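Comments concern the structure below.
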Amino acid sequence: MAPTCLQPLLRYRSFAILFLTPLLLLPLPLAVTTKEARCAYVIIIMAVYWCTEVIPLAVTSLMPVVFFPLLGVQTSKKVCLQYLNSTNMLFFGGLIVAISVEQWNLHKRIALKVLLILGVKPALLMLGFMIVTAFLSMWISNTATTAMMVPIVQAVLDQLDTTEHELTTVEPATGQTNTAIELEEKSKSGSTTVSGVSNEQVTGDPKSSEENKTWKRICKGMTLCVCYAASIGGTATLTGTGPNVVLKGQMNQLYPDSNDIVDFASWFGFSFPNMVLMLALAWLWLQCSFMGLNIKKNWGFGTEKTDKEKAAYSVLKAEMKKLGPMSYAEINVLLLFILLVVLWFSRSPGFIKGWANILFKGGEKYITDSVPAMFVALLLFVLPAHKPKCIGWNPSMSDPEQGEEDKKKPFLSAPLLEWNVVQRKMPWNIVLLLGGGFALADASANSGLSAWLGRQMTPLGSIPPWAIASVISLITAVFTECTSNVATATLFLPVFSSLAESIRIHPLYVMLPGTLSASFAFMLPVATPPNAIVFSYGHIHVLDMVKAGLVMNVIAVCCVSLAINTWGRPMFQLDTFPAWANSTRNQ
């Protein structure tokens with residue numbers, strides 16, 4: 001509770017920030033009558049609004065459309081073009097494919113299949129949850145992945161807890177079977193904490209108390225691993241999370257002659273090994289922190305499945321059985337998803353000619369990653385969800401009544417994806433947020449603000465580049481704990497670009513660590529939606545997330561520093577200052 005004297009001030013907090021921020025900053029454009037100052041005025045106001053969220057993030061993102069033309073920073077036509085450029089269309093197409101995967105429960109089938117293969121030993125179960133969550137968050141949103149995975153984790157934990165309680169209360173279990181918990185009801189109504197079960201234990205028994213504490217730690221580790229894996233997995237692909245798309249768009253804006261150096265294949269080649277390393281270290285950290293290092297118990301080498309493990313396995317099998325065999329629609333969506341990934345990787349691999357050059361004249365110039373994304377998205381609205389039926393011409397060979405009904409039905413059924421589903425599930429706020437960020441980057445470069453920032457940071461050239469990259473990672477990881485990941489990347493990446501140009505190092509040397517670190521929101525429930533979803537299930541406290549997340553941030557920053565200074569150097573030629581960055585700076 002805030003002190004009584006501060007309560008009236010807090011009541012007017014949003015009003016004060018919303019109206020006083022532009023007024024207090026007004027001397028900047030009035031005293032310094034340059035285009036750079038006017039551009040900085042709008043950017044600072046937007047940064048304050050984004051950090052405090054006094055109005056929705058997407059609404060703040062629309063401010064450049066109004067204020068850049070009014071202040072003479074950029075024409076309305078140029079500003080509006082940034083909101084649906086090639087990079088935003090890439091993100092849009094990728095989201096449509098992700099929505100189709102969610103629509104047909106393909107992501108749930110993949111998750112359950114992997115978990116059944118890996119088994120239900122404590123360490124393997126956590127590893128299975130993390131691998132599945134990370135893989136799915138590479139392709140669909142981190143929030144959707146977490147919202148789907150946490151009920152599965154909760155169902156397994158509840159079944160384990162129920163079995164443990166039955167074993168401790170020496171009651172006959174004849175004729176009792178393990179039943180799966182309805183995941184849909186769990187996800188809607190929330191979950192109950194494990195304290196209800198612990199209250200039924202004998203409080204005077206120290207062994208029961210110790211087992212209860214151990215069980216609570218396991219629940220914390222199992223739920224935390226999901227939100228952490230979602231944030232880590234999203235960094236592996238270009239469309240996996242918003243900050244990656246921000247980097248792609250700002251590279252296109254700030255360095256149009258960079259020859260598309262950041263595309264789907266190059267990003268995956270750099271970020272996927274980093275993701276695997278982070279995931280492995282995160283798993284080890286959560287194991288040590290919440291389950292201990294009892295290898296025999298957690299891994300189960302040379303031991304048979306316990307009743308608890310059999311119960312957990314039965315939950316997963318029951319949920320898999322509910323899905324039934326793969327439907328015609330699921331197979332089609334899976335094939336289209338594989339087609340999209342293949343098209344992304346083979347468009348312009350680098351070491352050989354890609355399909356864009358082989359099949360189309362000048363394809364490398366005209367075709368970007370947004371083309372296959374939108375091509376597959378269009379197919380989802382065309383291909384049928386059910387197998388077409390060919391009705392025989394001879395009515396006597398079939399049931400006449402059935403034949404009449406079949407003739408009334410259209411040859412092609414409803415498509416795999418309908419627009420009302422996309423309209424309902426599409427995160428339009430992120431699309432607008434990306435567009436606002438691209439508008440800021442473009443205006444910052446064209447107004448001269450980026451060049452001015454670069455000149456101010458020239459003294460930093462005496463610091464080794466690896467140290468600068470590490471500090472940037474750390475600062476961004478701390479800042480993103482209290483600000484939207486996309487907003488963090490949007491605000492910082494133009495500054496990092498100016499820094500790189502001023503000290504003449506490769507722009508990606510500082511922009512890549514900054515982009516990846518914008519996704520490292522591990523410490524607070526409000527830092528990112530996956531954290532909030534996990535926190536809402538009641539197993540963890542804020543302090544638990546802070547303690548685990550602090551070490552996770554250190555692990556992530558160290559992994560990014562290792563990646564950028566090892567395989568990142570030859571992959572992007574980071575030891576040289578590229579000509580395209582030099583020519584851009586001189587313009």
Side-chain angles (χ1 to χ4, degrees), residues 86-111 113-114 131-141 144-145 233-241 244-245 247-248 252 259-276 326-385 415-417 422 567 571-572:
S86 175
T87 306
N88 233 336
M89 294 304 288
L90 164 66
F91 187 63
F92 188 65
L95 286 175
I96 290 176
V97 176
I99 289 169
S100 70
V101 171
E102 294 177 47
Q103 174 75 4
W104 293 103
N105 268 336
L106 185 60
H107 60 323
K108 189 173 180 180
R109 186 181 296 277
I110 293 170
K113 190 69 176 175
V114 173
I131 289 174
V132 169
T133 306
F135 174 77
L136 292 176
S137 66
M138 288 165 58
W139 313 104
I140 64 178
S141 77
T145 302
T235 63
T237 58
L238 192 57
T239 56
T241 188
N244 305 355
V245 186
L247 173 70
K248 166 70 174 170
N252 291 345
N259 197 24
D260 208 16
I261 188 172
V262 177
D263 59 10
F264 192 90
S266 65
W267 178 273
F268 187 85
F270 171 75
S271 296
F272 182 75
N274 182 63
M275 185 272 285
V276 172
M326 280 192 78
S327 64
Y328 179 78
E330 279 184 271
I331 294 171
N332 273 349
V333 170
L334 179 60
L335 292 175
L336 288 175
F337 172 74
I338 294 171
L339 173 64
L340 175 59
V341 175
V342 171
L343 289 175
W344 268 338
F345 276 108
S346 58
R347 179 184 66 86
S348 181
F351 56 92
I352 57 171
K353 281 189 175 183
W355 59 264
N357 277 332
I358 295 172
L359 299 179
F360 303 97
K361 187 177 179 181
E364 187 175 355
K365 180 181 177 183
Y366 291 101
I367 299 172
T368 64
D369 284 331
S370 60
V371 175
M374 293 309 300
F375 171 68
V376 172
L378 289 173
L379 289 180
L380 288 168
F381 292 101
V382 175
L383 297 180
L416 291 168
L417 195 60
V422 175
W567 64 86
M571 183 174 292
F572 295 108

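Keep in mind it's a predicted model, so treat the numbers as computed, not measured.
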Parallel, tilted or perpendicular, as decided by the 30° and 60° cut-offs, for the rings of W139 and F135: perpendicular
Distance in Å, L335 CG paired with L339 CG, rounded so as to fall on 0.5 Å steps: 8.5 Å
Spatial distance of atom CG (N252) from atom CD1 (I261) [nearest 0.5 Å]: 11.5 Å
Note, V333 side chain near S100 side chain (heavy atom, < 4.5 Å): yes
N105 CG to M326 CE distance, which is reported to the nearest 0.5 Å: 11.5 Å
Stepwise side chain to side chain contact (heavy atoms under 4.5 Å, CB included) check, L336 with L340: CA-CA 6 Å; L336 288 175; L340 175 59; over 6 Å; no
Minimum heavy-atom distance I140-A98, with the two atoms named: CG2-CB, 3.3 Å
Minimum heavy-atom distance M138-G233, with the two atoms named: CG-O, 3.2 Å
Shortest non-hydrogen contact from S266 toward M571: O-SD, 3.8 Å
Evaluation steps, side chain to side chain contact (heavy atoms under 4.5 Å, CB included), between V245 and L90: CA-CA 8 Å; V245 186; L90 164 66; 5.6 Å; no
Least distance between heavy atoms, A144 atom then E102 atom: CB-OE2, 3.4 Å
Worked verdict on L334 versus W104 for side chain to side chain contact (heavy atoms under 4.5 Å, CB included): CA-CA 10 Å; L334 179 60; W104 293 103; over 6 Å; no
Geometric class of the W267/F270 ring pair [parallel <30°, tilted 30-60°, perpendicular >60°]: perpendicular
Main-chain N/O of A134 paired to S137 side chain as donor or acceptor, under 3.5 Å: yes
Main-chain N/O of T235 paired to T241 side chain as donor or acceptor, under 3.5 Å: no
Spacing of L417 atom CG and N332 atom CG [to the nearest 0.5 Å]: 12.5 Å
D260, T239, D369, T87 screened by side-chain hydrogen bond (donor to acceptor under 3.5 Å, both in side chains) with K248, the one that passes: D260
For D263, salt bridge (charged side-chain N to carboxylate O under 4.0 Å, His left out) partners two or more places apart: R347
Within residues 88-98 or reaching into it, pairs that qualify as salt bridge (charged side-chain N to carboxylate O under 4.0 Å, His left out) - sequence neighbours excluded: none
Test log, rule side chain to side chain contact (heavy atoms under 4.5 Å, CB included), inputs N244 and T237: CA-CA 8 Å; N244 305 355; T237 58; 5.5 Å; no
Solution key, residues 370-385 side-chain donor-acceptor pairs under 3.5 Å, sequence neighbours excluded:
unit_1: S370; atom_1: OG; unit_2: S86; atom_2: OG; d: 3.2
unit_1: S370; atom_1: OG; unit_2: T368; atom_2: OG1; d: 2.8

Ring pair (Phe, Tyr, Trp, His ring centres under 6.0 Å) between Y366 and F360, worked out: CA-CA 9 Å; Y366 291 101; F360 303 97; over 10 Å; no
Side chains of V132 and K113 in contact at under 4.5 Å (non-hydrogen atoms): no
Heavy-atom side-chain proximity of V262 to L238 below 4.5 angstrom: yes
Gap separating the CG atom of N88 from the CG atom of L95, nearest 0.5 angstrom: 9.5 Å
